[in-house]
> 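Sharing a structure below in C-alpha cells format, with a few things to ask.
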2 protein chains.
Amino acid sequence: MSLAEYGRVTADAFTVLAEPTRRRILDRLRRAESSVGELVTDLGVSQPTVSKHLRVLREAGLVSSRTAAQQRIYRIEVRPLQAVDGWLAPYRRLWTSHLDALERHLDSQEP
Amino acid sequence: MSLAEYGRVTADAFTVLAEPTRRRILDRLRRAESSVGELVTDLGVSQPTVSKHLRVLREAGLVSSRTAAQQRIYRIEVRPLQAVDGWLAPYRRLWTSHLDALERHLDSQEP
DNA sequence: GCGACATATGCCTGTCAAGGCATGTACGGT
DNA sequence: ACCGTACATGCCTTGACAGGCATATGTCGC
C-alpha cells in the first residue's frame with residue numbers, strides 16, 4: 001500500500017487533530033491569533049516542534065499565516081473544523097434528544 | 001456541562017477517530033448495531049482487521065458489545081463523541097457567529 | 001465430546017509520525 | 001554590509017500502529 005507514486009497527500013483534519021500539541025495550539029489560537037514565539041513560550045514546547053506542527057496545521061488548512069515584520073502571525077481557519085463538525089453532526093442527534101429529555105426533567109425539578 | 005469533565009477520554013477519542021476505517025465502522029454502526037461478520041462483509045475488510053479496530057474502539061469507550069449466541073453485537077457509545085463535541089463546541093461559535101453576522105447583514109439589505 | 005462457525009489474538013513487517021539537534025533562510029536595525 | 005532576531009527545514013532515532021497470516025478462544029448444535 002504505497003502512496004509514494006501519488007506524491008504527498010495532505011492529511012485530513014482528523015489525523016491532524018489526533019496530536020494533543022496541535023489541539024493545544026488551536027486552543028491557544030482560538031482566543032487570539034499569535035506569533036510562533038508566543039506559542040513557544042505559552043505552550044512550553046521547542047520552537048522547531050511548534051513550527052513543524054504549524055506546518056502540518058497549515059497544510060491541512062486549519063490555520064493560515066501572514067507575515068508581520070520578522071514574525072509570522074498564525075490564525076485559525078474554520079473550514080476543516082466545519083468538516084469535522086459535519087461528520088459529527090449525525091452522531092450528535094444520538095444524544096441531544098436524550099439530553100433534551102433530561103433538561104426538561106431538571107427544569108421541572110428546579111424552578 | 002464543563003469541558004474539564006471530559007478530560008482524559010478526549011485525547012483517546014481523537015486518536016481513535018483518526019483512523020478512516022474506524023470512522024467507517026462507526027458510520028455503519030450509527031445506522032444499526034451489528035455483528036463483526038456484518039461489518040466485515042459491509043466494509044470489505046478482513047475479519048482480523050475489523051476485530052482489532054473494534055478492540056481499539058471498545059477500549060476507548062466508543063463502542064460496546066454484547067454476546068448473542070456465537071456472535072458479538074456491537075453498538076455505539078456516545079460519551080467519547082460527546083467529549084469530541086465538547087472540544088469542538090467553542091470553535092463552532094467561531095463560524096456560527098460569523099454566519100449570524102452575515103445573516104443580520106443580509107436581512108438589513110433585504111427589505 | 002466433536003465439529004462447525006464466529007470472533008479474538010499473536011507474530012511479523014512495512015510505514016510513518018514526533019521530537020531533539022543543528023543548520024538554513026528571511027527580515028530589520030544599525 | 002553586518003549582526004541579531006524569528007522562523008523554517010533537514011537529518012536522525014525512536015516508537016507507534018496498521019494489515020496480512022496463522023492460530024487460539026469461545027459458543028452452539030448434535
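Order of the sequence lines sets the chain letters (A, B, ...), proteins ahead of strands, with each chain counted from 1.
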> Please state whether the phosphate of D:dA8, meaning OP1 or OP2, lies under 4.0 angstrom from any side-chain nitrogen or oxygen of A:Arg55.
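No, no such contact exists.
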> What about the rings of A:Tyr91 and A:Trp87, do their centers lie closer together than 6.0 Å?
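Aromatic pair counts; centres sit under 6.0 Å.
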> What heavy-atom pair brings B:Ala60 and B:Val16 nearest, and what distance separates the two atoms?
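Closest approach of B:Ala60 to B:Val16, heavy atoms only: CB-CG2, 3.7 Å.
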> Is the Lys NZ or Arg CZ of B:Arg23 less than 6.0 Å from the centre of A:Phe14's six-membered ring, within 45° of the axis?
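B:Arg23 over A:Phe14 ring: yes.
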> Could you state the interatomic distance from CG (A:Leu94) to CG (A:Leu88), rounded to the nearest 0.5 Å?
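So the gap between those two atoms works out to 9.5 Å.
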> Just how far, in rounded Å, is C1' of D:dC7 from CD1 of A:Ile25?
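Whole-Å distance recorded here is 14 Å.
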> Distance from B:Ile76 atom CD1 to B:Arg28 atom CZ, nearest 0.5 Å?
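Nearest 0.5 Å value for the CD1-CZ distance: 10.5 Å.
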> Measuring to OP1 and OP2 of D:dA6, would you say a side-chain N or O of A:Tyr74 lies under 4.0 angstrom away?
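Result: no.
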> Find the distance between CG (A:Leu17) and CG (B:Leu17) and round it off to the nearest 0.5 Å.
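One gets 10.0 Å once the value is rounded to the nearest 0.5 Å.
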> Stem finding on DNA chain D, please: runs of three or more consecutive Watson-Crick or G-U wobble pairs, both distances under 3.5 Å, sorted by first number.
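Stems found: C:1-30 with D:1-30.
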> Please evaluate residues A:Arg66 and A:Tyr74 with respect to the criterion side-chain hydrogen bond (donor to acceptor under 3.5 Å, both in side chains), reporting the C-alpha separation (whole Å), side-chain torsions for both, the decisive distance (0.1 Å), and the verdict.
CA-CA 7 Å; A:Arg66 70 184 153 86; A:Tyr74 280 83; over 6 Å; no
> How does protein reach along nucleotides 18-30 of chain C, written 5' to 3' as B (base within reach of a heavy atom under 4.0 Å), S (only sugar-phosphate), or - (no contact)?
SBBBB-----S--
> Salt bridge (Lys or Arg N to Asp or Glu O under 4.0 Å) between B:Arg92 and B:Asp85: does it pass, once the steps are laid out?
CA-CA 9 Å; B:Arg92 191 157 45 231; B:Asp85 192 56; 3.1 Å; yes
